[in-house]
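A note on names: the letters A, B, ... follow the listed sequences, proteins ahead of strands, and every chain is numbered from 1.
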Amino acid sequence: MNLSLILQMAAEAEPGRIGLVCDGRRWSYGALLRAAQGAASRFSASGVGYVALLDESSEAAAIALFGAALAGVPYVPLNYRLADADLAALLKRVAPAWVIGDVERVRRLDPDSGHQLWSRGDFVAVAEQAAPIAGEPPEAGVAVQIFTSGTTAAPKAALLRHANLLSYILGTVDFGSAPEDDGALVCVPPYHIAGIAALLSSIYAMRRILLLPAFEPDAWLQLAAGEKASNAFVVPTMLGRIIQRLDAGNRPELPALKAIAYGGGKMPTELIERALTLFPQTDFTNAYGLTETSSTIALLGPEDHRSAHQASDPQARARLGSVGRPLPTVEIEIRDEDGRPLPAGERGEIYVRGEQVSGEYRERSALDAQGWFPTRDAGWLDAEGYLFLAGRADDVIVRGGENISPGEIEEVLLSHPAIADAAAVAVPSLEWGEAVGIAVVVRPPHEVPSEEELKKLIRDRLRSSRVPDRVAVLEALPYNEMGKLLRREVRKLFQAS
Amino acid sequence: MKPGKKLKSAACDTEVMVVRGSDVVLECGGVPMGDERPPEKAALNPAFAEGTKIGKRYTDAAGSVELLCTKAGQGSLSIGGVALQPKDAKPLPSSD
């Protein structure tokens, strides 16, 4: 199987239907396929080993993704926000590549690696003009390579094979199921797995893609209203910024907006509750997945959101903080440090298995002998199979040999009415090796709670080993642009002082 | 028939991709399907002429074979003369 099947089927079913809108230009499925076939013949003739994108989202991302699939060359979207030295290192790892986007930057950073450089406009023009590639596309191989963010070591090159990505799409999306006036607003960057999955899912559902090249809340609201978006995917930070604009009085009518999916980082409970109140008619879906799993592996659906939002029972309300149940096509297990499966309610590392799960890097495969992928995410399942995340397995605080999950401490802190956001991290301790440090954000108009009050709260609800040695009060916690909490930044706070 | 294998109808435009397979001969329009379409179309058996629909999944009663229709045609799918049935989709909310 080849990933290009997705676009081929849409173009076969309705070649003239509009599949993608970007910067005012409208692309039919037929025109997109034609451009992808032209791009493929040029990729194939060029002799490059990779097709790289160094650009914001545009039609070029879709044409390059499917063109590369047709040519049997891995597609590598690169993070244009990386610092020069980090980007230069990645460019060398994909040389020689056909690079689309910021050609000046590549010329400056990696001039001697034999890259073939194309601005977005030149690439799209040549793809539209070139003769279509002849013959059948390859049946196997790597379709997409994504460099992980690499917080501690060099970024890893995660490989997604045609079979992984197609299994995900065929298992989760019903072909051509979107009504013709549907439109999916896509504002995640193209180098993120959510950006790739958005293109694939929308085209297979035949839901018109409304591309917003760079996220900005007013532009998002304007595009959503102007193109009558029916669906959107956002990371929590984006949703927060959109709601700020709504609160500030920019309130366009969005009657078409049927569904908002979110993921990519922890959603503050207060924010999702506010969103559910502001958009009572909109279906909310929380998606949990990783690059290495071809996007979503668990989801919390609209009904779960509504029943949790309306519930008075704290147990039922807590479900708003869950990432939902595993997809029917994947298996999820929680395991202890020795790899033994844990029962419901116990925290451990999340393992996942399924055809969409690659778990493979350029250097090695992380799958075990039975095909399970250790996500390095910590979490637990409740009695009904709902998955809760508890940070990265690497974020565990080891205090005198006792493992402490930051999530349990954060949860207790967030139950305090004056605490809007909280992070627990390891801080150096002469006595214990590591001890607990907490950073909290106070919710106005509350007073800052005393250290003693917070320590007592944790001592009463958990146990004494969880009580923090250090407490910091911050204006806001540090998050990256995808809404991921930067724990290393929080840790630095305690090391510096 | 391994997953991912593509088969073409000899009697119409239908093309399918195997999602789940077993060792069977698949027919479309009452005629065995193959890797390539023959230069001359075979006659469509009227008993197997309800048509296929692009994007639909088709399965046998035992659930051992599942096919995805990647190109629609006038014939309908069968194994050993027993018609395959379209599978009902269990829609998931969009998460992308």
[X], part contacting chain B, at a heavy-atom distance under 4.5 Å:
X        : value
A:Thr172 : both
A:Ala198 : both
A:Leu170 : both
A:Asp283 : neither
A:Tyr262 : neither
A:Gln8   : neither

For [X] and [Y], does a side-chain donor sit closer than 3.5 Å to a side-chain acceptor?
X        : Y        : answer
A:Ser295 : B:Asp96  : yes
A:Gln356 : A:Ser294 : no
B:Glu27  : B:Ser78  : yes

Check whether any side-chain heavy atom of B:Lys71 sits under 4.5 Å from a side-chain heavy atom of B:Thr52, and report yes or no.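 They are not in side-chain contact.
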Is there a side-chain contact between B:Lys2 and B:Val18, using heavy atoms and a 4.5 Å cut-off?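 The answer is no; the side chains never approach within 4.5 Å.
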Look at the rings of A:His305 and A:Phe284 and say which category their plane angle falls in: under 30° parallel, 30 to 60° tilted, over 60° perpendicular.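 Aromatic pair A:His305/A:Phe284 classed tilted.
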Please indicate whether B:Lys41 has more than 12 foreign heavy atoms, meaning atoms of other residues, nucleotides or ligands, lying under 6.0 Å from its NZ.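 Counting other residues, nucleotides and ligands, NZ of B:Lys41 exceeds 12 neighbours.
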B:Pro91 versus chain A, the contacting section by heavy-atom distance below 4.5 Å: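 Neither part, no heavy atoms under 4.5 Å.
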Please look at B:Lys5 and chain A and tell me whether the side chain, the backbone, both or neither of the residue comes under 4.5 angstrom of a heavy atom of that chain.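 Neither part, no heavy atoms under 4.5 Å.
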Most heavy-atom pairs under 4.5 angstrom with chain A, which of B:Ile54, B:Val19, B:Leu92, B:Leu68?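 Most heavy-atom pairs within the cutoff with chain A belong to B:Ile54.
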